[in-house]
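Everything below concerns the one structure shown next.
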Amino acid sequence: MNPETSLAGVAQSHADPNQFALLQQRRFAPFFWTQFLGAANDNLFKFAFTVMVTYQLSVSWLPPAMAGLVIGALFILPFLLFSATSGQFADKYDKTRMIRWVKSLEIAIMLVAAGGFIAGQVPVLLLCTFLMGLHSTLFGPVKYAYLPQVLSERELTGGNGMVEMGTFVAILLGNVAGGLLAALPGVGHASVAAGCVLVALLGRAVAQFVPPVPATDPGLRINWNPFTETWRNLQLAQQNVVVFRSLLGISWMWFFGAMFLSQFPSLAKEVLHGDEQVASLLLVVFSVGIGIGALLCERLSRRHLEIGLVPLGAIGMSWFAIDLYFAARSLPPAQAMGLAAFLAQGAHWRVLLDLALLSLFAGLYSVPMYALIQMRCPPTHRARIIAANNILNALFMIASALIAGALLAAGCTVPQIFLFTGIANAVVASYIFMLVPEYLLRCVAWVVSHLVYRFKVQGDENLPATGAAILACNHVSFVDAVLLMAASPRPISFLMDHRIFRVPVLGGLFRLAKAIPVAPQQEDPATYHAAFEHAAQVLRAGDLLAIFPEGGVTRDGQLQEFKGGIMKILERARADGVQAPVIPMALTNLWGSYFSRIEPGGAMVRPWRRGFYSRVGLNVGSPVAPSGVQPALLRTRVADLLRA
C-alpha cells in the first residue's frame, strides 16, 4: 500500500469533516496532543529556568541579564547541528516509532532536569536545555511530515492550522505555568521538577495511541555529516522554486515574530509603562492572534491549499506593524501601572489591536506555506526538506536577535524597531512574490472569488490531487481563468485565445501566469504549433492543463460548439505515453456580469449592472477517460453541468 495514502484515504470516508472534527479521530488527535504537550513542556522548562536564574539563583558566571540569551542560544543550537540528521531519521523510519522514541527521550531528559531543579544545579539545567533543543529538533521533521501521510488534501490546511494554533497556545500555557510554578514560595523548584516530568509522562502516554505511519524511504543511507546533508537538502528544495521560496518565506515569518517577541518586555516597561502583567498580556494577545489566524485559514481557503492567503497575510503583517509604531510612539510618559490601569486607557487598546491583527495575519501567512511544502515535496524527501527549513528558521531567528541588538545599540527605540520590521517585511515579501508569481496570482484569484463574486464550487472532489489532467470549461467571461485558478488547489496552465492577452490588466495577469496563447493555424501557424507543444510539455510534467473548447468568450451567453483542438492535445499526450483524463467543468451565472460581453459596447462597460458581490458558481463533473472523449460528447457533459 502506498504510504502516502494508507491513512489519508480514510479521510475520504468522512463527510467533509472540519478541522475541529479531526480532534475526534485517532489519525490526528493523539498526534495533536503529543505535539501540544511537547511544546508546552519545552516552554515550561525554559521559562521556569529563566525565572530561577534571574530572580532566585545567584550565579556569578551567568548574570541575570544574560540568562535568557544563553538559554535561548543553547536551545536553538541543536537545530543548527542535528536538523539534517533528524530529517533523515524521519524519512527512513516509521514516524510513529520516531515519535514514541523522542517522547521517551523527553522523559529521560526531564528526570535529569528534575534533579537539577531540586539541587539548584545550573550547569545540569543548561545541559538539559541543550537536550530539550535536541528533543525538539528530532521531533520537528516528524511533526510536519506526518500530517500529509494521514490527512487528505482537503484536510491539510485545517490540520496545519490546528497544529499551528496548538503550538502557540502550548507555548503560552508553558510560559505561564513555568512562571507560576517557579514563583511558589518554598516549593517552587520541586513543583517545576514535578510538572516537567508529569507533562513528559503524559506526552509519552498519548503518543502510544498514534497510529502506525510507514517510512517513506526505508532504504535511505544516513549521511552523518550535517553540513553536507544540509546542503544536499537545500539543493533538493531548490529543484522546486515554489517550495524553496516558501522555505525562505516561513523562515522570514520566524524572523518577523522573533523581532516582536524579543521586544515585549522592553515594550511593556519602557514604552507602555506597564509591569510584568502587561508584558504577559502582550504575549497572550500575540499567541491568541496567531492561533485565530491559523484556524481561519481553513474557512478562508474553502478547505483546500490556498497560497493566495500568503500575500494577504504579508500585507496585514506590514500594515499593523507600521501602525503599531505610530500607536506606541504617541503614548505620553506615565508612571508604572498594573494591568487594570493599563486597560483603562483607550490609547493602549489600539496597541493591543495592532498586535492582535499583525499576529493574526502572520497565522494566515504561515499555514498555507507549510501546507504547500508538505504537498509539493517528494514524499521520500519531505522530512529532510522540512529539516532544512528548521535550520533556515534557526538562522533567521539568530539574525533577528543580532539585528535587533544592533538597532538598539544604534539608539533606535522599540517602536522604531517595529517600524523597521514592518517596512522590511513589505520589501522581502514583495521580492519573494515577484520571484514566485504564483502567490500573487492566487491572491488575485482569492480576492475575485471572495470579494468580487460569491463563488461556490460543487464537485471539486473530482479535481485530481496528483497527475496530469485536462480541464475543459465553457468560456463566459474574461475572468474565467481566474475563477478556475481559485477553485483548484494545484497550479493550472491555461491554453487561451491569443486575443485575450490584449485586454488591459487581465492580459498582463495571464502573461504573469504563463498562460499559453493559441491562434488559428491559418492566422498564425507558429503560435498554433508552439501552443500545442507547450500543452504537451505541461501534461508530460504531470500538471493540469485547462482549455476553453469553444475557442473564445461567448457573445450571446449560449454554449458554443466545441472545437477539435482537444483531440489534438489528447493524441499528442497518448504519443507521449500520457493518459490524461478530461474533467468537464461549467461556470454558471457569469453571463451578464461586468467581465462578460453582454453589453453592446463590449465587456466591462457597466460595472454595477449585476450589482456587487453577485453569486456565481463552478460545477465540476466526473473525469472522462481520454479514449471516450469527443468534442460533441464533451459539450453535452458541460451542458448537463450548466443545468445541474
Side-chain angles (χ1 to χ4, degrees), residues 19 156-158 160-162 164-165 168 242 245-257 260 286 288-324 353-373 375 418 421-455 457 479 482-491 505 508-509 512-513 612-613:
Q19 58 201 118
L156 197 55
T157 296
N160 275 285
M162 290 293 291
E164 190 84 349
M165 177 277 299
F168 277 90
V242 177
R245 303 300 182 192
S246 297
L247 298 182
L248 296 178
I250 289 173
S251 297
W252 173 257
M253 194 276 290
W254 283 102
F255 175 99
F256 181 92
F260 282 87
F286 189 85
V288 171
I290 286 190
I292 293 173
L295 292 178
L296 281 175
C297 287
E298 183 185 63
R299 177 170 293 274
L300 294 178
S301 65
R302 293 194 181 97
R303 307 196 65 248
H304 281 298
L305 168 62
E306 182 49 85
I307 62 175
L309 296 176
V310 175
L312 291 177
I315 292 169
M317 289 161 65
S318 285
W319 182 277
F320 291 106
I322 293 171
D323 191 69
L324 182 59
L353 182 62
D354 282 334
L355 192 59
L357 289 175
L358 78 85
S359 59
L360 183 150
F361 278 99
L364 292 180
Y365 174 92
S366 63
V367 168
M369 282 194 172
Y370 275 116
L372 181 142
I373 291 171
M375 282 190 63
F418 294 160
T421 306
I423 294 173
N425 181 71
V427 172
V428 171
S430 299
Y431 176 70
I432 292 176
F433 301 148
M434 288 297 102
L435 288 177
V436 189
E438 185 180 349
Y439 284 112
L440 288 177
L441 294 170
R442 298 288 306 200
C443 184
V444 171
W446 188 90
V447 169
V448 170
S449 62
H450 283 75
L451 303 181
V452 177
Y453 295 116
R454 284 177 289 172
F455 185 48
V457 183
V479 294
V482 176
L483 292 174
L484 294 190
M485 236 187 287
S488 172
R490 297 172 58 193
V505 181
L509 180 67
L512 190 64
F612 197 71
Y613 204 49

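For clarity, every value in this text was computed on a predicted model and none was experimentally measured. All values below were derived from every heavy atom in this structure, side-chain atoms included, with hydrogens, water molecules and symmetry-related copies excluded.
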*Using the ring of each side chain (for Trp, its six-membered ring), is Phe260 parallel, tilted or perpendicular to Phe256, with breaks at 30° and 60°?*
tilted

*Is there a donor-acceptor contact under 3.5 Å from the side chain of Tyr365 to the main chain of Gly316?*
no

_Please determine whether side chain to side chain contact (heavy atoms under 4.5 Å, CB included) holds for the pair Tyr453 and Val479, giving the CA-CA distance in whole Å, both sets of side-chain angles, and the decisive distance to 0.1 Å._
CA-CA 11 Å; Tyr453 295 116; Val479 294; 4.1 Å; yes

*Side chain proximity check, Leu312 to Leu300, heavy atoms < 4.5 angstrom*: no

*Kindly compute the distance separating CD (Glu298) from CG (Leu296), expressed to the nearest 0.5 Å.*
10.5 Å

*CD1/Ile292 to OG/Ser359 distance, rounded to the nearest 0.5 angstrom?*
8.0 Å

*Could you state the interatomic distance from CG (Asn160) to CE (Met375), rounded to the nearest 0.5 Å?*
11.0 Å

*Roughly how far, to the nearest 0.5 Å, is CG of Leu451 from CH2 of Trp446?*
5.0 Å

*Does a side-chain heavy-atom distance below 4.5 Å link Phe286 with Ile290?*
yes

*Parallel under 30°, tilted from 30 to 60°, perpendicular over 60°: which one fits the rings of Tyr439 and Phe433?*
tilted

*How long is the span from the CZ atom in Arg245 to the OH atom in Tyr431, to the nearest 0.5 Å?*
6.0 Å

*Verify, without hydrogens or angle tests, whether Arg442 (side chain) and Met485 (backbone) share a donor-acceptor contact under 3.5 angstrom.*
yes

*Determine, stepwise, if the pair Ile373 / Ile250 fulfils side chain to side chain contact (heavy atoms under 4.5 Å, CB included).*
CA-CA 10 Å; Ile373 291 171; Ile250 289 173; 3.5 Å; yes

*asked:* Glu164: which residues meet the salt bridge (Lys or Arg N to Asp or Glu O under 4.0 Å) condition with it, sequence neighbours left out?
replied: none

*Would you give the length of the straight line joining atom CG of Asn425 to atom CD1 of Ile315, rounded to the nearest 0.5 angstrom?*
10.5 Å

*Is the closest side-chain heavy-atom distance between Glu306 and Thr157 below 4.5 Å?*
no

*Please confirm whether the backbone N or O of Ala426 pairs with a side-chain atom of Ser318, one donor and one acceptor, at under 3.5 Å?*
yes

*For Cys297, does its backbone N or O pair with a side-chain atom of Ser301 as donor and acceptor, under 3.5 Å?*
yes

*asked:* Among residues at least two apart in sequence or on other chains, which ones pass side-chain contact (heavy atoms from CB on, under 4.5 Å) with Phe361?
replied: Met317, Phe320, Leu364

